[in-house]
Amino acid sequence: MRALVIAEHDNRHLKPATLAAAEAARQLGGGVDILVAGARCAAVAEAAAAIPGVETVLLADDAVFEQALAEPLADLIAGLAGGYDALLAAATAAGKNVMPRVAALLDVQQVSDIVAVVSPDTFVRPIYAGNALATVRSADAKKVITVRTTAFEAAAGSGAAAVKPVAAVADAGLSQFLERRVTESVRPELTSARVIVAGGRGIGSDGAFALVSQLADILGGAVGASRAAVDAGFIPNDAQVGQTGKIVAPDLYIAVGISGAIQHLAGMKDSKVIVAINKDGEAPIFQVADYGLVADVFEAVPALIDCLNR
Amino acid sequence: MKVLVAVKRVVDYNVKIRIKPDGSGVDTANLKMSMNPFDEIAVEEAVRWKEKGHAAEVVLIGIGPQAAQDTLRTGLAMGADRAVLVKTETETEPLAVAKLIAAVAKTEKPDVILLGKQAIDDDSNQTGQMLAALLGLPQGTFISAAKPDEAGRITVIREIDGGLETLSLATPCVLTTDLRLNEPRYASLPNIMKAKKKPLDVTTPADLGVDVAPRLALLKVAEPPTRKAGVIVGSVAELVDKLKNEAKVL
Ligand SMILES: Cc1cc2nc3c(=O)[nH]c(=O)nc-3n(C[C@H](O)[C@H](O)[C@H](O)COP(=O)(O)OP(=O)(O)OC[C@H]3O[C@@H](n4cnc5c(N)ncnc54)[C@H](O)[C@@H]3O)c2cc1C
Ligand SMILES: Nc1ncnc2c1ncn2[C@@H]1O[C@H](COP(=O)(O)O)[C@@H](O)[C@H]1O
């Protein structure tokens, strides 16, 4: 059983989500290699070589992989699949984009978003917005898997894998990259933050959303949001937490003006401690909150900021 | 331009599902069923392209039991022209669905195939990407904007983890919708009546020559661990005290 993990990166830094995929790969019980496909991404390969348990880093360094377009990347991964029994990536936007394409090229039914490895062919994954956990056994000879990052803790330690260059693939030129607008933030990344303060429709306006950010900053946390807050334009799309947004599990999640729809809960109910601030005592968010405060956002949040500043 | 749109019939997003007591699956009997919300967005987009003159014809495809016809009729009432139902009595996995859509696409020859990014029952987020691979087409997943141009390409904006990405895709291509692409319309009563007369063809996996045997065996379905509701605190000061001294997270 050999597994190949697909590294996620921006050509300079390895994304922490990769470590969760590597840990799931390690739990399959065989050798683990990692693929770094990008352009001028030697620094990423170096970081990947230090992941504990990784034997070889395959480095595909070529302009064709610079923007991680799904078409050439899937061709590359499918081409390397011969030497592996399992291919894994984090269930992030990038992993979700490319892995099913790889699976179809290999005629494999992918197992999405696993939260546990039961055995090398059997996995647990959430369905229906996390309202049920399905245990599935794959009959495919090769496994293609995406990994829920909050469910696999990165192994401790440091490795020293060898780096081996692999050849690029030809670009069919089907899709062309035009631009990427990345939300610039000095705050920690949502999916790896220890504290998250998330705002919902109850905040009322993008001006008022500054209260949420202020609270997050005092706590050194990240800012999250419900779909309603993103749809209303209070905050960019990449802050959405939930079934169809990001899955998070910080030590502390503070939900402010969020009602607690199942689609939102799906993304945050594995947080260690949940605090809810909502003026409606009947809001479903209180059913999952360890600490609830029935109060108006505009009184409670400034008071909280005040109290923490003291 | 011809647009093919995939629509799945799923348990309505507002319904809380029940797990069968023997753990063999999810009990969907007698639950309210609806069009997968991401597919409503896909149908809406295609119909808008038709209204703007970008698209000449909008064809729907659904894979499922006889009752999936109702979902297709909903899409026809939103403004699609005709529909194809691939009738199956068992659950079809994303790879099988992608193969069925690919088979239909070979005869329909659409310029764009629109799907939802994710079915809210299986939460797989696979079918569109798989379909693109099977047909050797470019893919634009999780899109929040799409603009066809004169040169026969489509510019899409994709929702990615760090923000937004813009791609230009050659056609034919496969697109999957994200929540912010548009706000789907409600079908009007006259349109619902009209939709009853629109053509709806029925075919089967056997007719299309596609093997839909599942690759994944469902061994067990279980309740997720539930959280206990905690306490309601009386004040901000009490909250801070509890977070510091009880939960020890501050
Ligand atoms: C296909 C699909 C996918 C979805 N995916 C997601 C997802 O990934 N993530 C997600 O979050 N949602 C998702 N949703 C949407 C979800 O169903 C809810 O609509 C959404 O989570 C509601 O957001 P909200 O709690 O901010 O707004 P609301 O439900 O409107 O709640 C606002 C809350 O604020 C409170 N409030 C109002 N004013 C104040 C005040 N002054 N002080 C204190 N409290 C106040 C109210 O009491 C209320 O409880 C999805 C929906 C669909 C159909
Ligand atoms: N049985 C089906 N019938 C029609 N379309 C489907 C079916 N299953 C999946 N799809 C399409 O594929 C998208 C993604 O589904 P999934 O990969 O299952 O999450 C859905 O939003 C639909 O557009």
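In the text below, chain A, chain B and the rest are named by the order of the sequence lines, each starting its count at 1. These numbers come from the heavy atoms of this one structure, side chains and all, not from hydrogens, waters or symmetry mates.
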- Portion of Val231(B) that has a non-hydrogen atom of chain A nearer than 4.5 angstrom: both

- Message: Taking every non-hydrogen pair under 4.5 Å, which of Asp113(A), Val230(A), Asp306(A) racks up the most with chain B?
- Response: Val230(A)

- Note on the structure: In short, Asn131(A) meets Glu223(B) closest at the heavy-atom pair O-OE1, 4.4 Å

- Nearest 0.5 Å, what's the CG-CG distance between Asn237(A) and Leu179(B)? 10.0 Å

- Query: If you count heavy-atom pairs under 4.5 Å with chain A, which of Thr166(B), Asn125(B), Leu131(B) comes out on top?
  - Reply: Thr166(B)

- Message: Could you measure the distance from the CD1 atom of Ile157(B) to the CD atom of Glu179(A)? Nearest 0.5 Å is fine.
- Response: 7.5 Å

- Item | Top contributor to chain B interface from Val124(A), Val136(A), Thr191(A), Val118(A) [non-hydrogen pairs under 4.5 Å] | Val136(A)

- Item | Option in Leu243(B), Val221(B), Leu219(B) with maximal non-hydrogen atom pairs under 4.5 Å from chain A | Leu219(B)

- Side-chain donor-acceptor pair under 3.5 Å between Glu246(B) and Tyr291(A), yes or no? yes

- Shortest non-hydrogen contact from Asp251(A) to Val249(B)? O-CG1, 3.9 Å

- Should Leu137(B) and Leu174(A) be marked as a side-chain contact (heavy atoms from CB on, under 4.5 Å) after you check the CA-CA gap, both sets of side-chain angles, and the distance that decides it? CA-CA 7 Å; Leu137(B) 298 181; Leu174(A) 297 175; 5.9 Å; no

- Using non-hydrogen atoms only, which part of Ile232(B) is less than 4.5 Å away from chain A: side chain, backbone, both, or neither? both

- Note on the structure: Honestly, the part of Ile120(B) sitting under 4.5 Å from a heavy atom of chain A is both

- Query: Taking all non-hydrogen atoms of both residues, which atom of Lys246(A) and which atom of Asp161(B) are closest, and how far apart?
  - Reply: NZ-O, 2.8 Å

- Message: Can you tell me how far apart CG (Leu169(B)) and CD (Glu71(A)) are? Round to the nearest 0.5 Å.
- Response: 7.0 Å

- Among Thr171(B), Ile154(B), Thr141(B), residue most engaged with chain A (heavy-atom pairs, under 4.5 Å): Thr141(B)

- Quick one: what part of Ala289(A) sits under 4.5 Å from any heavy atom of chain B, side chain, backbone, both or neither? backbone

- Query: Top residue by heavy-atom pair count (under 4.5 Å) with chain A, among Glu159(B), Glu93(B), Gln139(B), Gln118(B)?
  - Reply: Gln139(B)

- Message: Given heavy-atom pairs under 4.5 angstrom as the criterion, report whether the side chain, backbone, both or neither of Ser185(A) touches chain B.
- Response: neither

- Query: If we ignore angles and hydrogens, is there a donor and acceptor under 3.5 Å between the side chains of Gln126(B) and Ser112(A)?
  - Reply: yes

- What distance separates Arg227(B) CZ from Ser271(A) OG, expressed to the nearest 0.5 Å? 6.5 Å

- Message: Side chains of Gln240(A) and Arg180(B) only: does a donor on one sit below 3.5 Å from an acceptor on the other?
- Response: yes

- Where does Leu164(B) contact chain A at under 4.5 Å (heavy atoms): side chain, backbone, both or neither? both

- Query: Hey, are the side chains of Val108(A) and Leu95(B) touching, using non-hydrogen atoms and a 4.5 Å cut-off?
  - Reply: no

- Item | Atom group of Val11(B) that falls short of 4.5 Å from chain A, counting heavy atoms | side chain

- Quick one: which of Thr146(A), Leu190(A), Ile274(A) has the most heavy-atom pairs under 4.5 Å with chain B, could you say? Ile274(A)

- Query: Is it the case that Asn97(A) and Gln129(B) place a side-chain donor and acceptor less than 3.5 Å from each other?
  - Reply: no

- Of the listed residues (Arg158(B), Glu238(B), Lys228(B)), which shares the most heavy-atom pairs with chain A below a 4.5 Å separation? Arg158(B)

- With a 4.5 angstrom heavy-atom cut-off, could you sort out which part of Phe38(B) is near chain A: side chain, backbone, both or neither? side chain

- What option among Ala222(B), Gly136(B), Ala119(B), Gly128(B) has the most heavy-atom pairs under 4.5 Å with chain A? Ala222(B)

- Turns out that what part of Thr28(B) lies under 4.5 Å from chain A's heavy atoms comes down to side chain

- Note on the structure: Heavy-atom nearest pair, Thr244(A) first then Lys117(B), reads O-NZ, 2.7 Å

- Message: Using side-chain heavy atoms (C-beta onward) and a distance below 4.5 Å, is Arg125(A) in contact with Ser124(B)?
- Response: yes

- Would you say Arg181(A) and Ile160(B) make side-chain contact, with heavy atoms under 4.5 Å? no

- Item | CZ on Arg137(A) to CZ on Arg215(B), rounded to 0.5 Å | 15.5 Å

- Task: Identify the two heavy atoms, one from Tyr128(A) and one from Asp123(B), that lie closest to each other, and give their separation to 0.1 Å.
- Result: N-OD2, 3.6 Å

- Task: Could you tell me the separation between the NZ atom of Lys242(B) and the CG atom of Leu293(A), rounded to the nearest 0.5 Å?
- Result: 12.5 Å

- Taking every heavy atom of Leu134(B) against every heavy atom of Ala104(A), the minimum-distance pair comes out as CD2-O, 3.9 Å

- Message: If I measure from the heavy atoms of chain B, does Leu219(A) come under 4.5 Å with its side chain, its backbone, both, or neither?
- Response: side chain

